[in-house]
Amino acid sequence: MSRLPPIAPARLPALLAAAPKAELHIHIEGSLEPEMIFALARRNGVALPFDSVQVLRRAYAFSDLQSFLDIYYAGASVLRHEQDFYDMARAYLARAAMDNVVHAEIFFDPQTHTTRGVALETVVRGLHRACVDARAELGISATLIMSFLRHLSEEDAFATLEQAMPLLGRIVGVGLDSSELGHPPEKFARVFARCRQLGLHVVAHAGEEGPPAYIWGALDVLKAERIDHGVQAVHDAALMQRLAAERIPLTVCPLSNQKLRVFPDLSKHNLKQLLDAGLVATVNSDDPAYFGGYINDNFNQTFAALPALTAQDAWQLASNSFEASFATAADKRAWQGQLDECFERHATGA
Ligand code: HPA
Ligand code: ZN
């Protein structure tokens, strides 16, 4: 839509909730709610270092990325069987569908599970079956992105890729996550080159806590098609120009950034600055069970904290999420049409 119909600011929360959208930055292990962690621990006989759901929730007070990752990996230790991965992903997809997510590209961390003796096939079969069933039962489209842990070696990433070879038909791409500082993209140059040769899409977390140089590295060395987070790009004018000119999407996660103290407060978030600079920014939930909200909570709280964000920005963010996805051109066109229709409906008050 080139010209947006006028929309009263009071209608914005309802519009943000109703708008069809894609979620491109969600770690499925980060969707494990404390109740499910305890239920799976019971089911699998896993001992947890927390006495109750309440005690676990109270531990969700993070000072930076690493303080979160420590507890996030502990939570994932309850996942043992194919059905556990299925149940986790089905729960996320049902919740996402309630937020009018029409398409999700879901990260999973293979090494978090294989190092505990869970076969990669167990992980992928459970997650993939949940994606297939969710499409049939909820009408939501979902694909999987296998994310290498950057605190481990490139050799370990290669070994993981080898285990994934028979499963590549169920994976659309690879990513790079975990502790960013001290683990620059260059460390994974060779394994990403191999993944590209195999026809996989490639994305990477960069510029969450790390400097703009890590974003340059993700683009130049890994040839990342999207940057996950990327909010530190604002400190480098030449990088901002490149991201805008090449339409490299950023998958921004405002509540995550607030909880991990990337910004002191949501009101200091730079989402508006990214949009005004013409970047293909999107809004996502990252680890919704840990950061206090799913995708619509991210939209609502960010728009409430940043009054400069307009209905035009809301449309742009949702539209960007489709453009930035790895879906087919036909799917993208259909979702974009639904988005425009939704905005027209809200403008006329129908
Ligand atoms: N950053 C890096 N690694 C992660 C994150 C994140 O925000 N969430 C889960 N793993
Ligand atoms: Zn992330």
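Values in this document were obtained by computation on a predicted structure and should not be read as measured data.
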>> Is there a path of hydrophobic side-chain contacts, each under 4.5 Å between heavy atoms, that joins L200 and V172?
In response: no
>> Starting from L65, can I reach V203 by hopping between I/L/V/M/F/W/Y residues whose side chains sit under 4.5 Å apart?
In response: no
>> Run the side-chain contact (heavy atoms from CB on, under 4.5 Å) test on L144 and H128 for me, step by step, so that the C-alpha distance in whole Å, both residues' side-chain angles and the decisive distance to 0.1 Å come before the verdict.
In response: CA-CA 8 Å; L144 299 172; H128 183 259; 4.2 Å; yes
>> Is there a side-chain contact between E121 and Q163 in this structure, where contact means two heavy atoms from C-beta onward sitting under 4.5 Å apart?
In response: no
> Rounded to the nearest 0.5 Å, how far does OG of S52 lie from CZ of R57?
Replying inline: 10.5 Å
> Salt bridge check: are E154 and R190 linked by an N-O gap of less than 4.0 Å?
Replying inline: yes
> Has the side chain of R116 got a donor or acceptor atom that lies under 3.5 Å from a matching backbone atom of L79?
Replying inline: yes
>> Between the side chains of D87 and R43, is the shortest nitrogen-to-carboxylate-oxygen separation below 4.0 Å, so that they form an ion pair?
In response: yes
> Angle class for the Y72/Y290 ring planes (parallel below 30°, perpendicular above 60°, tilted otherwise)?
Replying inline: perpendicular
> If you take all heavy atoms of L12 and A311, which pair is closest and at what distance?
Replying inline: CD1-CA, 3.8 Å
> Is the backbone of P110 close enough, under 3.5 Å, to the side chain of T160 for a donor and an acceptor to pair up by distance?
Replying inline: no
>> A side-chain contact here means heavy atoms from C-beta on lying under 4.5 Å apart; do M146 and V124 qualify?
In response: no
> Do K21's NZ or CZ and the ring of F299 fall within the cation-pi criteria of under 6.0 Å and 45°?
Replying inline: yes
>> Are S31 and D287 packed together at the side-chain level, in the sense that at least one heavy-atom pair is separated by less than 4.5 angstrom?
In response: no
> When rounded to the nearest 0.5 angstrom, what distance separates CG in D286 from SG in C253?
Replying inline: 4.0 Å
>> Assigning hydrophobic clusters by single linkage (Ile, Leu, Val, Met, Phe, Trp, Tyr; side-chain heavy-atom cutoff under 4.5 Å), is F291 placed with L32?
In response: yes
> Taking it one step at a time, do W335 and S141 satisfy side-chain contact (heavy atoms from CB on, under 4.5 Å)?
Replying inline: CA-CA 11 Å; W335 296 327; S141 140; 4.1 Å; yes
>> For V252, run the side chain to side chain contact (heavy atoms under 4.5 Å, CB included) check against L317, V283, L275, L274 and tell me which one passes.
In response: L274
>> Do V102 and Y92 sit in one hydrophobic cluster, given that two such residues count as connected whenever their side-chain heavy atoms are within less than 4.5 Å of each other, even indirectly?
In response: yes
> Side chains of L69 and S178: closer than 4.5 Å at any heavy-atom pair?
Replying inline: yes
>> So F38 and V78, do their side chains get closer than 4.5 Å, heavy atoms only?
In response: no
> Are N298 and N284 linked by a side-chain donor-acceptor pair shorter than 3.5 Å?
Replying inline: no
> So, T122 versus E82: side-chain donor-acceptor pair below 3.5 Å or not?
Replying inline: no
> Would L40 and V123 show up in the same hydrophobic cluster when neighbours are defined by side-chain heavy atoms closer than 4.5 Å?
Replying inline: yes
> Just checking, is any N or O donor in the side chain of S67 or D64 under 3.5 Å from an acceptor N or O on the other one?
Replying inline: yes
>> I'd like to know if R242 and D220 make a salt bridge, using a cut-off of under 4.0 Å between side-chain N and carboxylate O.
In response: yes
>> Using every non-hydrogen atom in the two residues, find where L176 and P185 come nearest and quote the distance to one decimal.
In response: CD2-CA, 4.3 Å
> Has the side chain of E105 got a donor or acceptor atom that lies under 3.5 Å from a matching backbone atom of T143?
Replying inline: no
> Hey, is the main chain of V101 close enough, under 3.5 Å, to the side chain of D99 for a donor-acceptor pair?
Replying inline: no
> What distance separates I7 CD1 from R11 CZ, expressed to the nearest 0.5 Å?
Replying inline: 8.5 Å
> Going through the checks in order, is the ring pair (Phe, Tyr, Trp, His ring centres under 6.0 Å) test met by Y60 and F68?
Replying inline: CA-CA 8 Å; Y60 292 179; F68 154 70; 8.4 Å; no
> So, D331 and H103: side-chain donor and acceptor under 3.5 Å apart, yes or no?
Replying inline: no
> Would you say N320's side chain and A281's backbone share a donor-acceptor pair under 3.5 angstrom?
Replying inline: yes
> For the residue pair C131 and L93, what are the closest heavy atoms and their distance?
Replying inline: CA-CD1, 4.1 Å
>> I'd like to know if the side chain of H25 and the backbone of D228 have a donor-acceptor N/O pair within less than 3.5 Å.
In response: no
> Nearest heavy-atom pair of R226 and I248: which atoms, and what distance?
Replying inline: CA-CG2, 4.3 Å
>> If you take the centroid of each ring, where Trp contributes its six-membered ring, are H205 and F148 closer together than 6.0 Å?
In response: no
> In this structure, are over 12 heavy atoms from other groups packed under 6.0 Å from K187 atom NZ?
Replying inline: yes
> Taking the side chain from E23 and the backbone from S285, do they hold a donor-acceptor pair closer than 3.5 Å?
Replying inline: yes
>> Could you report the tightest heavy-atom contact between P211 and L181, atom names first, then the distance?
In response: CD-CD2, 4.3 Å
>> What I want to check is whether the side chains of T112 and E29 have a donor and an acceptor closer together than 3.5 Å.
In response: no
> Is any NZ, NE, NH1 or NH2 atom of the basic residue among K272 and D313 found under 4.0 Å from an Asp or Glu carboxylate oxygen of the other?
Replying inline: yes
>> Looking at K332 and S325, would you say the former's side chain and the latter's main chain have a donor-acceptor pair under 3.5 Å?
In response: yes
> Do the side chains of W216 and V221 get nearer than 4.5 Å, heavy atoms only?
Replying inline: no
> Does a donor on one side chain and an acceptor on the other come within less than 3.5 Å for Q197 and R194?
Replying inline: yes
> Which heavy-atom pair separates N270 from V231 by the least distance, and what is that distance?
Replying inline: ND2-O, 3.0 Å
> Would you say the side chain of I37 lies within less than 4.5 Å of the side chain of L56, judging by non-hydrogen atoms?
Replying inline: yes
> How far apart are the C-alpha atoms of R247 and E225, what are their side-chain angles, what is the distance that settles it, and do they pass the salt bridge (charged side-chain N to carboxylate O under 4.0 Å, His left out) test?
Replying inline: CA-CA 9 Å; R247 298 196 71 69; E225 297 164 72; over 6 Å; no
> Is there a donor-acceptor contact under 3.5 Å linking the side chains of D297 and Q301?
Replying inline: no
>> Would the distance check show the side chain of D156 and the main-chain N or O of L152 forming a donor-acceptor pair, the cut-off being under 3.5 Å?
In response: no
>> Taking the ring centre of each residue, are F188 and H183 less than 6.0 Å apart?
In response: no
> How long is the span from the CG atom in L339 to the CD atom in E344, to the nearest 0.5 Å?
Replying inline: 10.0 Å
> In Å and rounded to the nearest 0.5 Å, what is the CD1 to CZ distance from I145 to F326?
Replying inline: 5.5 Å
> What distance separates N296 CG from N300 CG, expressed to the nearest 0.5 Å?
Replying inline: 6.5 Å
> So, are R261 and E209 salt-bridged, with charged N and O less than 4.0 Å apart?
Replying inline: no
> L250 versus T282: any side-chain heavy-atom pair under 4.5 Å?
Replying inline: no
> For the side chain of H269 and the backbone of D265, is there at least one donor-acceptor N/O pair under 3.5 Å apart?
Replying inline: no
>> More than 12 heavy atoms of other residues, nucleotides or ligands under 6.0 Å from CD of E162: yes or no?
In response: no
> More than 12 foreign heavy atoms under 6.0 Å from CZ of R196: is that the case here?
Replying inline: yes
> Can you find a side-chain donor-acceptor pair between Q111 and H113 that sits under 3.5 Å?
Replying inline: no
